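Heads up, the thing below is written out as structure tokens.
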There are 2 protein chains.
Amino acid sequence: MTSTKKTFENLPDEKRERVLAEATQEFAEHGYHQASINRIVDRLGIAKGSLFKYFGNKQGLFEYLFGHAVAQFKKPLKVIRDANSDTDFFERMEMSLLAGVDFITAHPLVYRIYLKMLFQENFPLRDKFLSEIRQASAKYLRQLVNEAMKSGQIRADIDLEMAIFHLNSVMDHFLQACAVPSLDGGTGLFDADRKTIENKAHALTDFLRHGLGTIS
Amino acid sequence: MTSTKKTFENLPDEKRERVLAEATQEFAEHGYHQASINRIVDRLGIAKGSLFKYFGNKQGLFEYLFGHAVAQFKKPLKVIRDANSDTDFFERMEMSLLAGVDFITAHPLVYRIYLKMLFQENFPLRDKFLSEIRQASAKYLRQLVNEAMKSGQIRADIDLEMAIFHLNSVMDHFLQACAVPSLDGGTGLFDADRKTIENKAHALTDFLRHGLGTIS
DNA sequence: TACAAAAGTGACCACCTGGTCATCACTACT
DNA sequence: AGTAGTGATGACCAGGTGGTCACTTTTGTA
């Protein structure tokens, strides 16, 4: 048998989780190419051959690992979108922002990998994963903005795509500032407690509201 | 002599430029660690030893190369800031945005290196260069915002740091969308002609104005 | 032309990488 | 006890890396 994932699936839960955790750590620290299979197996205390039997090759390991994480990311989006469909648009934006913060707080390593992937064109599977992620979040935002325009909570004269882009920019940077110290730019967002983050998120959506809101 | 930059400085202009151009290309394509000295010298048609005599080591080459680029980036900021100090704040923001677009159009490879550096913590000299860049742009934005608050073009009740952060977010993402296809998100900014970009930039500052402007 | 200084060279080095595979250890079921 | 199947192992491989240095070639000058 050359390289089925069957073997890995049969492993005891505890070991499976340890393998994934250690590999995630390595990719988060070093990105894809600089990540070292040797270091991973050394830290795990298993033989190199085992890892290759589990996943076939380095890319297989990464695909398995990050694919699971993306699936986990997509779940909470739907929940927020489907629930609270009657609440204020800008409040929903604020909720989405905080949901994002919750995700990167729960999965900081996965988020670090995602950030590294953003601008590294030769990151394997980059196009597949990035388009999957951005398609999900764009679809999510588009529906919210559409509803808000129909219900008159947002100016009707604006360019829809630019509005989505604008919202995306602000949300992305907010999350990045929470996770990367050098990008927090004096806002005190990095590693802040929940209360502080909630305040800043509110300030930000206030900027958004009076820029996009009907009553201006 | 082990490793003075003297040798490189003495080279004829044409050769010096070719070396820097080829090295910039390599770093832009592959990032720092994946960039290969062997490929650079192969493309240049010179011996590996020469490059090490010029710059000492890989890091020396990168430092020389990117340091020059950063210096070039900082110049136009001052010009815009000092001139037009009487024109409307949001128009100046629009001008700054377009100046950014001009820079990444003139130096697309340098911008690609910068983007790769953003989230790659183990990029050599990352902290030095990033803090230098962000300090310059924050100082620039802070002065503009300060003046605009004093002259009453911006609401006085807003959090200064969050406002700067907000402006930074929007401008950063705008530039990224111009340069990276996967980040343009349906706006059609990537590789667009000047006219299109000017229109989108205007739409964006319009969002900013009615969010931050006095007359809201 | 002679000679010294500067610039250019590329074989060579130690090191690390992803990946392979023959072999071993353990279990389960006849 | 015999045997088939599963998982674990780590020495080994080819290839690429940044970096070195003894050597040759070119250049400027007296």
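In what follows, chains carry the letters A, B, and so on, assigned in the order in which the sequence lines appear, proteins first and then strands, with residues in each chain numbered from 1. What you see is a predicted model, and the numbers here were worked out from it, not measured in a lab.
- Between B/F62 and B/F27, the ring planes lie perpendicular to each other; the angle is over 60°, past the 30° to 60° tilted range.
- B/D42 has its CG atom 11 Å from the P atom of C/dG10, to the nearest Å.
- Proximity of A/T7 to the phosphate of D/dG7: a side-chain N or O atom is located under 4.0 Å from OP1 or OP2.
- Going from atom CZ of B/F52 over to atom C1' of D/dG19 covers 5 Å, rounded to whole Å.
- Sorted by first and then second residue, the salt bridge (charged side-chain N to carboxylate O under 4.0 Å, His left out) pairs involving residues 93-102 of chain B (not counting sequence neighbours) are B/D102-B/R194.
- Listed nucleotides: C/dG8, C/dG18, D/dA8. Nearest to the side chain of B/S50: C/dG8.
- Remark: C1' of D/dT20 and CG of B/N38 are 14 Å apart, rounded to the nearest angstrom.
- For A/A47, taking side-chain heavy atoms from C-beta onward, the closest of the listed nucleotides C/dT9, D/dG10, C/dG19 is D/dG10.
- One can place CZ of A/R16 at 13 Å from P of D/dG7, the figure rounded to the nearest angstrom.
- Both A/Y32 and A/G49 lie near DNA chain C, and the one whose nearest nucleotide falls closer to the 5' end is A/Y32.
- A salt bridge does not link A/D42 with A/R39: none of the charged nitrogens is closer than 4.0 Å to a carboxylate oxygen.
- Between A/K15 and D/dA8 there is a side-chain N or O to OP1 or OP2 distance below 4.0 Å.
- The B/I46 side chain lies nearest to C/dT9 when the options are D/dT9, C/dT17, C/dT9.
- In this entry the distance linking CD of A/E9 with C1' of D/dG7 reads 15 Å, nearest Å.
- Comparing C/dG8, D/dA8, D/dG18 by their closest approach to the side chain of B/Y54 singles out C/dG8.
- The interatomic distance linking A/R39 (CZ) with C/dT17 (P) rounds to 6 Å, in whole Å.
- Relative orientation of the A/F123 and A/Y32 rings is tilted, given thresholds of 30° and 60° on the angle between their planes.
- Nucleic acid contact for A/K48: base, since at least one base atom lies under 4.0 Å from a heavy atom of the residue.
- For B/K58, counting side-chain heavy atoms from C-beta on, the closest listed nucleotide (D/dG18, D/dG7, C/dG18) is D/dG18.
- Within the 4.5 Å cutoff, no side-chain heavy atoms of A/Q25 are placed close to those of A/I40.
- A straight line from CD of B/Q34 to C1' of C/dC16 spans 13 Å, rounded to a whole angstrom.
- One atom, NE2 of A/H30, and another, C1' of C/dG18, lie 16 Å apart when rounded to the nearest Å.
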